[in-house]
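So you know, we letter chains A, B, ... as the sequences are listed, proteins then strands, and number each from 1.
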Amino acid sequence: MWRYVEISVFYFKPNIIDPFIIISYDYLKNQKKINLTEIRFFKSESDILEYIRINKFEMSNHKDDKERSILLQLENAINDYLTGIIIDLFEEMKSMDVLLDLRNKFKTDFSQKVINSLIKIRPGESTTYSDIAKKINSKAYRAVGSVLRNNPLPLIIPCHRVIKQNGKLGGFMGQMDEDWGTNLKRSLLKIEGNIISK
DNA sequence: TTTGAGCCGTGAT
DNA sequence: ATCACGGCTCAAA
């Protein structure tokens, strides 16, 4: 039994940080909720438009009122988080009509454990790849990085709070050039008041 | 501080 | 079923 899922996108320029944010989602009309698919960062608006074109995403102007209001709430929540007004974005999502559908995003036993362990790390705190592995009784610290690399919901799933054992920040947003990703990671930690970020 | 070998789950094929 | 590939670590140089 298939449900036809049409992925829509919504993007905006957040305050505080440089990159644009694009959110892909599908709107569940019957539940009047938004099911998040992915959050990505782009350096420019033209990069986003290119991305939308290539993936043939829907940029409908005729959004349901409810859909529109959830998106606005989401944008506000992210901005509030980036300015330090909202502390915990993951918690905040629970009070909104937003579904994360983590079961579907992290299908393997290992990746689910990684994520479950990760979301216990509070804002302002940090942990390491190897610590996460230890907590789930595994030695696969390298594979922890692989899971986080594929995190489709950065910011909300706080993979930026995971850094290297040696105190360096480690990667962020795999596909982009590393300085850019690392700087963004540092900004996020800083916003949360993490002492690591100085 | 840099290098190199070991590690182990993923995603692509 | 493979297999190459990392958001990593540790030790050695």
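Side chain of A:Asp80 to backbone of A:Ile85: no donor-acceptor contact under 3.5 angstrom is found. Distance alone, capped at 3.5 Å, is enough to place a donor-acceptor pair between the A:Asn150 side chain and the A:Ser146 backbone. With hydrogens and angles ignored, the 3.5 Å screen pairs no side-chain donor or acceptor of A:Lys185 with any backbone N or O of A:Cys159.
A:Lys120 pairs by the side-chain contact (heavy atoms from CB on, under 4.5 Å) definition with nothing, not counting sequence neighbours. Applying the side-chain contact (heavy atoms from CB on, under 4.5 Å) rule to A:Asn116 yields the partners A:Ile119; only residues at least two apart in sequence or on another chain are considered. The side-chain contact (heavy atoms from CB on, under 4.5 Å) test applied to A:Ser24 returns A:Ile7, A:Val9, A:Thr37, A:Glu38, not counting sequence neighbours. Here A:Lys66 pairs with A:Asp97 under the side chain to side chain donor-acceptor pair (under 3.5 Å) rule; sequence neighbours left out. Every residue meeting the ring pair (Phe, Tyr, Trp, His ring centres under 6.0 Å) condition with A:Phe12, not counting sequence neighbours, appears here in chain and number order: A:Phe10. Remark: A:Asn166 engages A:Lys164, A:Lys168 in a side-chain contact (heavy atoms from CB on, under 4.5 Å) (not counting sequence neighbours). Every residue two or more places apart in sequence or in another chain that forms a side chain to side chain donor-acceptor pair (under 3.5 Å) with A:Tyr11 is listed here: A:Glu45. Not counting sequence neighbours, the partners of A:Phe57 by the ring pair (Phe, Tyr, Trp, His ring centres under 6.0 Å) test are A:Tyr51.
Each of A:Asn166 and A:Ala143 lies near DNA chain C, and the nucleotide nearest A:Ala143 is the one positioned closer to the 5' end. Each of A:Lys168 and A:Lys139 was assigned the nucleotide of DNA chain B with the nearest heavy atom; the assignment lying further toward the 5' end belongs to A:Lys168.
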- DNA chain B in dot-bracket, Watson-Crick or G-U pairs under 3.5 Å, [ ] crossing, | other strand? ||||||.||||||
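Within residues 115-123 of chain A, no residue is approached by DNA chain B to less than 4.0 Å at the level of any non-hydrogen atom.
Side-chain N/O atoms of A:Lys164 include one lying less than 4.0 angstrom from OP1 or OP2 on C:dC8.
For the side chain to side chain contact (heavy atoms under 4.5 Å, CB included) test with A:Ile115, the passing option among A:Asn151, A:Leu153, A:Ile157 is A:Ile157; the others fail.
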Taking only nitrogen or oxygen atoms into account, show me every contact under 3.5 Å that the protein makes with nucleotides 10-13 of chain B, one pair per line with its distance.
| from | atom 1 | to | atom 2 | distance (Å) |
| --- | --- | --- | --- | --- |
| B:dT10 | OP1 | A:Thr108 | OG1 | 2.4 |
| B:dT10 | OP1 | A:Ser111 | N | 3.1 |
| B:dT10 | OP2 | A:Thr108 | OG1 | 3.4 |

Pairs under 3.5 Å (N/O, protein and nucleotides 11-13 of chain C):
none

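When each of C:dG6, C:dT9, B:dC8 is scored by its nearest atom to the side-chain atoms of A:Tyr141, the top-ranked nucleotide is C:dT9.
Remark: A:Lys13 NZ is packed, more than 12 non-hydrogen atoms of other residues, nucleotides or ligands lying under 6.0 Å away.
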